[in-house]
**Q** 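Have a look at this one.
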Amino acid sequence: MSQNLVIYNSLTGNKEIFKPIHENRVGMYVCGPTLYSEPHMGNMRTFINFDLVYRYLLKLGYQVKYVRNITDAGHITNSAGEDVDSIGKAAKLAQVQSLEIVYTFNRKFIELQRIYNLLPPSIEPTATQHIQEQIEVIEQLIENGFAYVINGSVYFDVRKYSEKFNYGILSGRKIEELEEATRTLNAQDEKRFFADFALWKKANPEDMQIWRSPWGDGNPGWHIECTAMSTKYLGNKFDIHGGGMDLKFPHHEDEIAQSCGSFGHNPANIWMHANMLNVNGQKMSKSFGNYFLPLEIIEGTTDLFDKAYDANVVRFFLMQAHYRSTIDLSKDALTAAEKGYTRLMEATSLLSKLKTQDTSSINVAQLIQSFYNAMNDDFNAPILVANLFEAVSYINKVNDNLATISSDDLKRLKAEMDSFVFDVLGIKASSNNCIDRLSPVMELIINLRAKARENKDWATSDQIRDALSNAGITIKDSKEGTSWS
RNA sequence: GGUCCUGUGGCCGAGAGGCUAGGCACCGGUCUGCAAAACCGUCUACAGCGGUUCGAAUCCGCUCGGGACCUCCA
């Protein structure tokens, strides 16, 4: 099946037909988490969205090299002439070494990825293990005349750069406008120009992380790690660079500047930006205090919701919004998603029990193609979900003898439904690991209840059903017998 | 203040000049001992005001509301 994947490119503002640099192979770099604290649900949404992208590229048969970095080096900002080393600060508070903190949060992050069913990237390089590569890029920038050394620090020379390249090509920013907004803040700075950004920052005595460099002891600037690591693992020209919308400026803009400055071109053909997760109409963020952790939602320990939700329900909920749209998380929305998720899961399991006829009452091939069409249009998962529900409705009708399906069509539909639901959307049937031990017990109970029902002993029958319901087990009576879940 | 995005039915969300997604909820009905599930049906929205057009939720302008970025941020 030939498919034409179209991707929205933030760089051009257009949807473009996706053509990898090397046939059948895709290189994708995504900005990963900063592990000085536990990633919150908003962070997860971005990673889940790029997991979807990764999964669909794999589904289309591409050989994908998916690189997602881990930021474990302290970033230095200089908005008010003040050094801020996030990792170092957190570490001081906790009275432990910064790498211990990073290690702890990394383990949590790995666990979260398992719970939310994220495929592991091909490689997850860390900033601290690529100091040398970062230094090399900085040296190249100095050599090319786009960076300067001052007092043991190195800055990117935006004015010099602007003579040859377009600073602001991604974010649409104009240097003059930037100056308007920031002029007052950066008066007494050692930078030559307000928009210059640090490539290497001289160490402060209280820094917890310090590395040697040709310019003295210090640590790398915020943006250089991504340039160094994407280049190392994907080359200086690769297919897709992704990240959260809030990284567009300055982080991605500066990455482009670093690449242009050192290799002479933009590192990626396509720039993808995933939109924010909102709570109460506002971006989920630490500073707004409206955030919760991915674990809290499935443990039911956040004040925002009165119950726990399965990670698959959360993932399904996220899939109902396009990655470039914001999505609002609320109790009602999650509850709705939970119902829809259950209906979808039940239909997929029904697929293996369907009776077939000589012909199908609908065009199954067309239905299946609609799944591809949805995803081919810039990974439009909400449309895919809508189309999957068309299939759900059809499956239920076949089950109720109101529609028919041929055995060939059933085979194809099952294969594609499973593939799109489980492999592409990355949704799983919620795991019930005690289900095997429970089965014989349930059989016994259902038989007892069936006897009671035969005798029209509704009191007993309802008592059993209510008790099971209290234990979280739902009983369904139908002509074919009683089922439970 | 600058740049940009956005406003869709009770809720969440697609779409993006005519064919008016989908999920959840609600309301009728079928089925059922009753439920649940499933099925059938109902509900037909695009902030406001102008304009372009044979035709606008979709394009343009203005007004009002929400948001993002400009500082660490997924």
Side-chain angles (χ1 to χ4, degrees), chain A residues 13 30-34 36 39-50 75-80 82 84-86 168 171-174 176-182 185-186 222 242-251 253 273-278 281-288 291 316-317 320-322 324-344 346-347 350 374 377 380-390 392-393 395-397 399-403 453 456-458 461-462 465-466 469 474-479 482-483 485:
Chain A
V30 172
C31 291
T34 302
Y36 62 79
H40 64 234
M41 201 58 226
N43 301 319
M44 282 306 283
R45 146 115 127 141
T46 296
F47 303 138
I48 287 171
N49 275 143
F50 283 106
H75 287 151
I76 294 156
T77 62
N78 215 319
S79 57
E82 185 186 346
V84 178
D85 181 336
S86 310
S171 59
R173 292 236 144 67
K174 305 266 180 293
E176 313 83 65
E177 287 163 2
L178 284 170
E179 192 160 25
E180 287 288 315
T182 47
L185 297 171
N186 288 325
W222 175 28
M245 201 80 109
D246 48 359
L247 295 184
K248 203 169 177 181
F249 187 89
H251 186 240
E253 192 68 62
H273 290 96
N275 218 138
M276 302 289 101
L277 176 66
N278 285 180
Q282 204 175 28
K283 172 184 170 182
M284 175 179 280
S285 138
K286 276 226 158 106
S287 36
F288 294 149
Y291 76 101
F316 172 75
F317 167 73
Q320 284 182 292
H322 187 80
R324 281 194 287 123
S325 299
T326 56
I327 186 171
D328 231 286
L329 197 47
S330 68
K331 190 181 76 178
D332 289 349
L334 268 184
T335 307
E338 189 169 45
K339 295 261 177 68
Y341 163 79
T342 306
R343 202 153 87 89
L344 182 60
E346 286 184 352
L350 212 50
D377 185 10
N380 200 324
I383 296 287
L384 169 60
V385 171
N387 295 339
L388 286 170
F389 273 102
E390 294 294 327
V392 168
S393 174
I395 290 164
N396 286 329
K397 276 182 193 165
N399 190 233
D400 285 1
N401 298 317
L402 296 168
R453 294 178 73 210
K456 299 206 189 298
D457 180 2
W458 309 125
S461 139
D462 288 354
R465 186 171 61 197
D466 292 346
S469 171
T474 311
I475 288 274
K476 287 180 210 162
D477 297 324
S478 71
K479 284 179 209 115
T482 302
S483 63
S485 60

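Just so we're on the same page: letters track the sequence lines, and every chain starts at 1. Only a predicted model underlies this, so the values are computations on that prediction, with no experimental measurement involved.
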**Q** Can you tell which of B:A14, B:C34, B:G22 lies closest to the side chain of A:A386?
**A** B:G22

**Q** How is A:A321 classified with respect to the nucleic acid when contacts are heavy atoms under 4.0 Å: base, sugar-phosphate, or nothing?
**A** sugar-phosphate

**Q** Assign A:S393 to base, sugar-phosphate, or nothing according to its heavy-atom contacts below 4.0 angstrom with the strands shown.
**A** sugar-phosphate

**Q** Please figure out whether A:F47 or A:A336 has its closest RNA chain B nucleotide nearer the 5' end.
**A** A:A336

**Q** Select from A:M284 and A:F316 the residue whose nearest nucleotide in RNA chain B is closer to the 5' end of that strand.
**A** A:F316

**Q** Could you identify the nucleotide paired to B:G1, looking across every strand shown and requiring Watson-Crick or G-U wobble geometry with both distances under 3.5 Å?
**A** B:C70

**Q** For the side chain of A:K339, starting at C-beta, report the closest nucleotide among B:A14, B:A25, B:G22.
**A** B:A25

**Q** Starting from P on B:G65, measure out to CG on A:N278 and report it in whole angstrom.
**A** 19 Å

**Q** What's the closest nucleotide to the side chain of A:E390 if the choices are B:C12, B:A21, B:C70?
**A** B:A21

**Q** Using a 4.0 Å heavy-atom cut-off across all strands, classify A:D246 as base, sugar-phosphate, or nothing.
**A** base

**Q** Can you measure A:K283 atom NZ to B:U71 atom P for me and round it to whole angstrom units?
**A** 13 Å

**Q** If the threshold is 4.0 Å, N to carboxylate O, is there a salt bridge linking A:E338 and A:R343?
**A** no

**Q** Could you let me know what B:C11 is paired to, Watson-Crick or G-U wobble, both distances under 3.5 Å, or none if it's on its own?
**A** B:G23

**Q** Can A:W458 be called stacked on B:G33 when the rule is centres closer than 5.5 Å and an angle between planes below 30°?
**A** yes

**Q** A:N275 has an atom CG; how far is it from atom P of B:C4, in whole Å?
**A** 17 Å

**Q** Heavy atoms under 4.0 Å, any strand shown: does A:D477 hit a base, just sugar-phosphate, or nothing?
**A** base

**Q** Thinking salt bridges, do A:D400 and A:K397 make one under a 4.0 Å N-O criterion?
**A** no

**Q** Within the distance-only criterion (no hydrogens, no angle test), does the side chain of A:R324 pair as donor or acceptor with the backbone N or O of A:H273 below 3.5 angstrom?
**A** no

**Q** From B:G2, B:A37, B:C12, pick the nucleotide closest to the side chain of A:S330?
**A** B:C12

**Q** In terms of side-chain heavy atoms of A:D328, which of B:A74, B:G33, B:C12 is nearest?
**A** B:C12

**Q** What is the pairing partner of B:A56, taking Watson-Crick or G-U wobble pairs with both distances under 3.5 Å in any strand?
**A** none

**Q** Distance check needed: B:A74 C1' versus A:M276 CE, whole Å only.
**A** 5 Å

**Q** In terms of ring plane angle, is the pair A:Y291 and A:H40 parallel, tilted or perpendicular, where the classes change at 30° and 60°?
**A** tilted

**Q** Can you confirm whether the side chains of A:T482 and A:D477 place a donor and an acceptor under 3.5 Å from each other?
**A** yes

